[in-house]
J.: 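Mind looking over this structure? Questions follow.
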Amino acid sequence: MSLRPFHLAFPVRDLAEARAFYGGLMGCREGRSSDEWIDFDFYGHQIVAHTGGESGDRASNPVDGHDVPVPHFGVVLTMEDWQALADRLTAAGVKFAIEPTIRFKGQPGEQATMFFRDPSGNALEMKAFASDDMIFAT
């Protein structure tokens, strides 16, 4: 099976905020848009910000000593791209729900991870593994 891009639509309160966050800060190329939605190229995947309010769910689950926001979405980056994004978000003063860190250190599935929210409250997790073989390690 070849890996295909995923598609995710999510609510935002303001398209200008979404454009500044995903296009400006995150560096996602903008695709089609209307007065109600914007397509973004999210590291090769299609995400669509739709007007419709803020994310309503603020639940979390404990994972490796942190309260992980649920629901959340993100992408697995290369370690180099993950570090560059962490540096860019830190320099921009983004408030992290979970600061850039290494989770499951020394265990199968060890990963670099960070959690933050977009201006509408949608939780994102960006992660990286030293080796892609570890993505589904048990």
Side-chain angles (χ1 to χ4, degrees):
M1 179 171 76
S2 65
L3 186 62
R4 303 289 303 149
F6 70 77
H7 165 81
L8 175 73
F10 57 96
V12 298
R13 65 182 177 205
D14 181 272
L15 290 179
E17 273 184 338
R19 184 171 274 124
F21 183 83
Y22 289 97
L25 181 60
M26 296 287 295
C28 299
R29 185 179 59 83
E30 187 174 322
R32 295 176 307 276
S33 67
S34 80
D35 291 340
E36 289 85 33
W37 53 268
I38 305 170
D39 283 347
F40 292 102
D41 179 344
F42 189 67
Y43 299 92
H45 302 282
Q46 183 192 44
I47 63 171
V48 187
H50 284 267
T51 57
E54 295 187 24
S55 175
D57 198 340
R58 300 282 193 219
S60 65
N61 285 327
V63 178
D64 197 35
H66 295 280
D67 289 326
V68 170
V70 178
H72 65 264
F73 69 94
V75 71
V76 177
L77 301 172
T78 65
M79 197 62 78
E80 180 180 310
D81 288 344
W82 181 89
Q83 188 62 61
L85 180 60
D87 292 345
R88 188 165 68 244
L89 296 176
T90 299
V94 167
K95 181 181 176 210
F96 290 96
I98 299 175
E99 296 278 338
T101 189
I102 303 296
R103 179 192 291 159
F104 307 127
K105 211 169 224 168
Q107 301 174 46
E110 179 179 316
Q111 60 196 259
T113 186
M114 61 181 135
F115 285 82
F116 51 94
R117 292 187 183 273
D118 73 9
S120 294
N122 297 294
L124 288 88
E125 176 186 18
M126 306 303 280
K127 59 171 61 180
F129 295 83
S131 166
D132 285 353
D133 295 339
M134 292 278 92
I135 293 173
F136 296 107
T138 57

J.: Taking atom NE2 of H7 and atom CZ of F42, what is their separation to the nearest 0.5 Å?
T.: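 Between atom NE2 of H7 and atom CZ of F42 there are 13.5 Å.
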
J.: Tell me whether S34 contacts the main-chain N or O of E36 through its side chain, where contact means a donor paired with an acceptor under 3.5 Å.
T.: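 Judged by distance alone, yes, a pair lies under 3.5 Å.
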
J.: Mind checking whether L124 and F10 have side chains closer than 4.5 Å, heavy atoms only?
T.: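 The answer is no, as the side chains (C-beta and beyond) never meet within the 4.5 Å cut-off.
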
J.: Which residues pass the side-chain hydrogen bond (donor to acceptor under 3.5 Å, both in side chains) test with E17, sequence neighbours left out?
T.: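 With neighbours one apart ignored, the set is R13.
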
J.: Would you call the rings of H45 and F6 parallel, tilted or perpendicular, taking 30° and 60° as the class edges?
T.: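 Rings of H45 and F6: parallel, under 30°.
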
J.: Under a 4.5 Å cut-off applied to non-hydrogen side-chain atoms, are R19 and E30 in contact?
T.: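 Yes. Closest side-chain heavy atoms under 4.5 Å.
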
J.: At their closest point, which heavy atom of L15 faces which heavy atom of W37, and how far apart are they?
T.: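 So the minimum-distance heavy-atom pair works out to CD1-N, 3.7 Å.
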
J.: Could you grab the distance from atom OG1 of T113 to atom CZ of F129, nearest 0.5 Å is fine?
T.: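 Those atoms lie 8.5 Å apart.
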
J.: Nearest 0.5 Å, please: how far is NZ in K127 from CD1 in I102?
T.: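 If we round to the nearest 0.5 Å, I102:CD1 and K127:NZ are 12.0 Å apart.
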
J.: Mind listing the side-chain donor-acceptor pairs of residues 64-82 below 3.5 Å, one per line with the distance, residues two or more places apart or on another chain?
T.:
unit_1 : atom_1 : unit_2 : atom_2 : d
D64    : OD2    : F104   : N      : 3.0
H72    : ND1    : P69    : O      : 2.6
H72    : NE2    : E125   : OE1    : 3.1
T78    : OG1    : D81    : N      : 3.0
T78    : OG1    : D81    : OD2    : 3.3
W82    : NE1    : M126   : O      : 3.0

J.: Looking only at heavy atoms, which two atoms of D35 and T51 are closest? And how far apart?
T.: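 Scanning both residues completely, I find the closest heavy atoms to be O-CG2, 4.3 Å.
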
J.: Kindly say whether A18 contributes a backbone atom to a donor-acceptor pair with the side chain of D118 at under 3.5 angstrom?
T.: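 Not at all, since once roles are kept as given, no pair shorter than 3.5 Å links the two residues.
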
J.: Between C28 and D41, what is the shortest heavy-atom contact and its length?
T.: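 Minimum heavy-atom separation between C28 and D41: CB-O, 3.3 Å.
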
J.: Kindly determine whether T101 and F96 satisfy side-chain contact (heavy atoms from CB on, under 4.5 Å), including the steps that lead there.
T.: CA-CA 11 Å; T101 189; F96 290 96; over 6 Å; no

J.: With the 4.5 Å side-chain cut-off for hydrophobic clustering, are F115 and I47 part of the same group?
T.: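 In one cluster: no.
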
J.: Quick one: side chains of residues 86-93, donor-acceptor pairs under 3.5 Å with protein atoms, not counting sequence neighbours, listed by atom name and distance.
T.:
unit_1 : atom_1 : unit_2 : atom_2 : d
D87    : OD1    : Q83    : NE2    : 2.9
R88    : NE     : L25    : O      : 2.8
R88    : NH2    : M26    : O      : 3.1
T90    : OG1    : A86    : O      : 2.8

